[in-house]
Amino acid sequence: MTDASLGRLAKWLRLLGYDTVVFPQEAGRTLLRQAEAEGRIVLTRRKDMIERQFSGGLFLIPHGDAGRQLNEVIEKYSLKIDGKKMFGICLECNEKLHPVEREEVRDLVPPYVFENCAEYNQCPRCLKIFWMGTHQRNALRFMEKHIPSHLP
Ligand SMILES: [Zn+2]
């Protein structure tokens with residue numbers, strides 16, 4: 001779980017397949033209580049959070065740059081990225097995507113995508129369709145730049 005200032009980091013974690021909740025406000029007692037109830041690690045930029053009473057894991061994120069933040073989190077928790085889980089979570093909703101048949105998305109994706117792509121996933125909450133396209137390729141490039149030694 002991240003505080004509201006770490007939305008970009010949360011998206012990168014979701015891209016890698018990690019269930020990541022973004023707390024809608026600044027870190028505080030409510031965030032800690034929710035993290036405790038859901039058994040989540042807390043990622044925050046608020047230095048004073050380490051002085052609070054909290055039984056779970058809490059990591060103070062030191063840098064402003066999302067690439068470095070991602071690298072720090074991966075190293076801190078020795079995360080082993082699973083290639084099969086990458087791109088498996090909705091970036092907006094943090095919901096697990098479900099595969100959908102190509103025929104079902106015919107009217108939902110641009111025609112050139114439909115012609116060129118065989119596999120699609122859908123978010124059960126916002127119903128957005130995901131496929132291997134430019135976004136994913138750009139994301140892979142970002143990861144190759146910032147976390148090359150951690151990619152599967
Ligand atoms: Zn969604």
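Counting starts at 1 for both ligands and their atoms, following the listed order. This is a predicted model, so every value here is computed, not measured.
More than 12 heavy atoms of other residues, nucleotides or ligands shown are found within 6.0 angstrom of CZ on Arg102.
Results of the side-chain contact (heavy atoms from CB on, under 4.5 Å) test with Leu9 over Gln69, Glu72, Arg68 single out Gln69 as the only residue that passes.
Salt-bridge annotation for Lys11 and Glu92: present, with a side-chain N of the basic residue lying under 4.0 Å from a carboxylate O of the acidic one. In this structure, Glu103 pairs ionically with Arg106, as a charged nitrogen and a carboxylate oxygen lie closer than 4.0 Å.
Among residue pairs with one or both ends in residues 40-55, those qualifying as side chain to side chain donor-acceptor pair (under 3.5 Å) are Asp3-Thr44, Asp19-Arg40, Glu26-Arg46, Glu36-Ser55, Glu38-Arg40, Arg46-Asp48; sequence neighbours excluded.
Classification of the Phe59-Tyr77 ring pair by plane angle, with boundaries at 30° and 60°, yields perpendicular.
The Zn ion (ligand 1) has Cys90 SG, Cys93 SG, Cys123 SG, Cys126 SG as its protein N, O or S neighbours under 2.8 Å.
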